[in-house]
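Have a look at the structure below before the remarks.
Each chain gets a letter, A, B and so on, in the order its sequence line appears, and its residues count up from 1.
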Amino acid sequence: MSEIPKAYEPATVETKWYEAWLQANCFQANPHSPKPPFSVVIPPPNVTGVLHLGHVLNNTMQDALCRRARMLGKEVLWLPGTDHAGIATQTMVERHLSKTQGLGRRDIGREKFLKAVWDWKEKHGNLIIRQLKRLGCSCDWSRERFTMDEDYSRIVLQTFVDFYKKGLIYRGWRMVNWCPASLTALSDEEVIMKACKSFLYTVRYEIVERPGTFLDIATTRPETLPGDTAVAVHPEDPRYGDLICLHVWRPFSRTSIPIIADSHIDKAFGTGVLKVTPAHDKADFEIAQRHKLDVLDVLHPDGTLNCPDVPRLDGLDRFQARKEAVKMLEESGALIKSDPYENNVGYSERADVPIETRLSEQWFLRYPAVQESLDAVREGSIRLFPPRWAKVYEHWMENLQDWCISRQLWWGHRIPAWYNKDGKIHVDLSPPADSENWEQDSDVLDTWFSSWLWPFATMDSATRSKFYPTSVLSTGFDILFFWVARMIMAGYELTGEKPFSNVIIHNLIRDSKGRKMSKTLGNSPDPLQLIDKYGADGLRFGLLRIAPTGQDIRFEEKQIEEGRNFANKLWNAARFRQMQGPSSPFPISLNHSELPDICIAITERFDRLHKRIALAWEEFRFHEIANTLYDFFWTDYCDRFVEAAKPHLQETTSSPREAILQTMDCVLSGILCLLHPLMPHITEELWRLLGFCGSDANFLLLTPLPVENSLPHVSEQEKERAITAIDRLYESIHAVRTLRAEFKIPSNKSVSLWIRPTTDWDSADQMAFKALTRAETLVSVSSAPKESAGTVTPLGEFFISLTGLVNVDSERRRLVNEITKVETEISKVKSKLGSQAFISNAPPAVVAEHRSRETVWEKKLEILRGYLASLG
RNA sequence: GCGCGAUUAGCUCAGUGGUAGAGCGCUUGCUUCACACGCAAGAAGUCACAGGUUCAAACCCUGUAUCGCGCACCA
């Protein structure tokens, strides 16, 4: 064993062990292993992405699960990879091209552009993979996949072809969500509704057949006016009944358009008259179909106006055009009023601009295996954690709309459909024989259309037969629809099985003020910097400790600092152990009579911890696991056990020392095992440094978890007794320490103590007691000594010598305070015991517990009153 | 509008019916031979509000308020 440095230095330790694990192929999954399988597929991050705290949290959870599974004797596969992130990556490369060469993608053509994207991916891609390694992720890197890999792409396209042939995929003219910035169609999920402050304009239209009479309509989008092909009223609206089938003059370009009746109109909204713009609104489009109205597209794909008939608007951006249109209406006197108004506008998730609803020809998918997917979650074959997400999932699944899967991009899986001059379509993996007469669809598939196949398309058949369905999927709630639900449907449709059994759904990490983290706010800390500062283990542990299930996390760097501090505490506890000499074999070989109570108590507490966190693992309660380990190690092991053990260790002889060392080794090695999934590097390092690895130098990573009973040869009653005894010991120590503090005796000054004992206690405990209260002497007395102050504890009354220190007034004040507190407790307990209902209805154990509480408090009160009386 | 969360110490949050907890911050004392990334002691709470169930409610039920999120929407 080499000597352990005073402060833990994560940087060197972490990289050293990560290298060692890789060297030894510890992360590689063997599909032919006889061990039971445990498998996870990583939610593939964008290939050009950068690690953020959300990734850290999500991947730490997965890593912890995988490492725990290894220690439980499972054959573990954690399959990593990245996705191609169509829009995001393409936009990034386009921006780069235009900055460096002043060229757009159309200037260089599809082939050259795609080469540029691949170059970009080779150069800048996979940074995030390196970052995951720095975090300590135990992925099987030999199986890393990318959604644009050849094999993977073939499966994506094959799925498209098969679904087309089954009739699940079709092509059609539909109203779709159009992003004028990215110039592509989007799915409904990629549109985010935002409340926007705008104006509701009331515009006056003259009735063609009745010159001089007018109809007022309310609109938020006057710039689309040239695209109006009707105005509509409710058929039962008495105000307008006589106008139906007449016409109004559209202000610009001035044309007569019909007044129609449609029950979609809300009589109560605005003036109860709707301007119908079929090309730019879903509801209007439906009205137009019902009434066979013309569809007049007045917008270019980029959101500029396309209306040569109205030169003042033609070519303007839609928002400028709105202002201009308002001006034109004002000038003509057609604008009655404009009221400030808040309405919801759909924004493109990626580009953060308002989308346009637009008629275009796209590919759509009817979701498959919907019922099976619904039932799987309802019946618990797939379990969501926390379970309340099931309701959200169900609601979405029950209101499915066909999925627009084509994107007007170049970076992605190109749609395997070819068209000829006669309007025929050929859908297959390869083009028709006379390919010169056919042209391939220029669009690509939505990225999610490839990632919904991720749990099985990443696996070869041997891997699949061992590891599919996967055990757990861990992801953020924000992609429950985008990804999780779709994977379930794809799984059932294409493999006949669920893709995973458990889904961990975690919430967002926000900044300390509760705001979303974003680049523009600059409130998103760089995880790599945090790792440099606090270590990967510190970051992992700090983050897991504050990750409650189902609630957003407020991030503060302080919490990561605590993670580091905990690592340092662990380090120093190990260092302390090392200073006592070589580690002993475990489990504990000493028999019961040779073990002091502190040893039995701490091992029993460890066993209870072990059982408790096993339950927490079952339900993925990571914060509970981390917090429970933290509390046990810091409070029970370090502050109590080690401190109480110190005086015994200073004795060079015999059995108490040996018992303490064996106990330390048992608990320390156990805690390293339990902590390893959360803090892999430091625990592996200490495992080695303390010699727990044995002569074969086995990795902790591959060490089975210890059994849950560290002291099988000690009876349960004995353990319970030891725990009670030790609790009383610490309670008494605490009381004496408080007494010291009340009399302002500095921690480094020793005192003389007297005790009027109420129980026997053994010499081992007395030693610990004296050390922890800094008592030079501890002498039994039969009554309170002169010039002393006393405190009542479970072990008896303790008196502290205060020669020259007693201040009668302050002592009286202290006792009165104490007495008041005790009286409050007594009155609470008495009021309960005074109730006949309580006595007769409460469980006997509870009543007995209250009775004993009453006696203890009353006894204490009596003694304290005695002290007060003796002050005179 | 429908649905889902949250409301506990100055801050961040644990706490599934029986004596209100932790970390941070604050106050005080400690260079105690593992650790100042530490040790010890302390102050600090109408458990959002109103009802109800129960011998007993921070906890279960009903309602209200406030904040947050999701879905659907009237142009």
Problem set entry | Thr855(A) and Glu858(A) side chains, donor-acceptor separation under 3.5 Å |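 No - no donor-acceptor pair under 3.5 Å links their side chains.
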Exercise. Between Asp552(A) and Pro746(A), who's closer to the 5' end of RNA chain B by nearest nucleotide?
Worked result: Asp552(A)
Problem set entry | Salt bridge flag under 4.0 Å for residues Arg486(A) and Glu189(A) | yes
Hey, does the side chain of [X] come within less than 4.0 Å of [N]'s phosphate (OP1/OP2), counting only N and O?
X: Asn841(A); N: C55(B); answer: yes
X: Thr277(A); N: A75(B); answer: no
X: His734(A); N: A41(B); answer: yes
X: Arg554(A); N: U12(B); answer: yes
X: Trp634(A); N: C39(B); answer: yes
X: Lys770(A); N: U32(B); answer: no
X: Lys558(A); N: C24(B); answer: no

For this session: State which of C33(B), C55(B), G5(B) makes the closest approach to the side chain of Phe838(A).
Result: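 The listed nucleotide nearest to Phe838(A)'s side chain is C55(B).
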For this session: Please tell me which of the listed nucleotides, U12(B), C71(B), C39(B), lies nearest to the side chain of Glu556(A)?
Result: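 Of all the options, the side chain of Glu556(A) is nearest to U12(B).
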Exercise. So what's A34(B) paired with, Watson-Crick or G-U wobble, going by both distances under 3.5 Å?
Worked result: none
Exercise. Under a 3.5 Å cut-off for both distances, is A72(B) Watson-Crick or wobble paired, and to whom?
Worked result: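 The base-pairing partner of A72(B), which may sit in any strand shown, does not exist here.
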Exercise. What about Phe838(A) and His850(A), are their ring centers closer than 6.0 Å?
Worked result: yes
Exercise. For the ring pair Trp389(A) and Tyr393(A), is the centre-to-centre distance below 6.0 Å?
Worked result: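 No - the distance between ring centres of Trp389(A) and Tyr393(A) does not fall below the 6.0 Å cut-off.
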Exercise. How long is the line joining NZ of Lys646(A) and C1' of A34(B), in whole Å?
Worked result: 6 Å
Exercise. Rounded to the nearest Å, what distance is computed from the CD1 atom of residue Ile553(A) to the C1' atom of nucleotide C69(B)?
Worked result: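 Roughly 15 Å, once rounded to whole Å.
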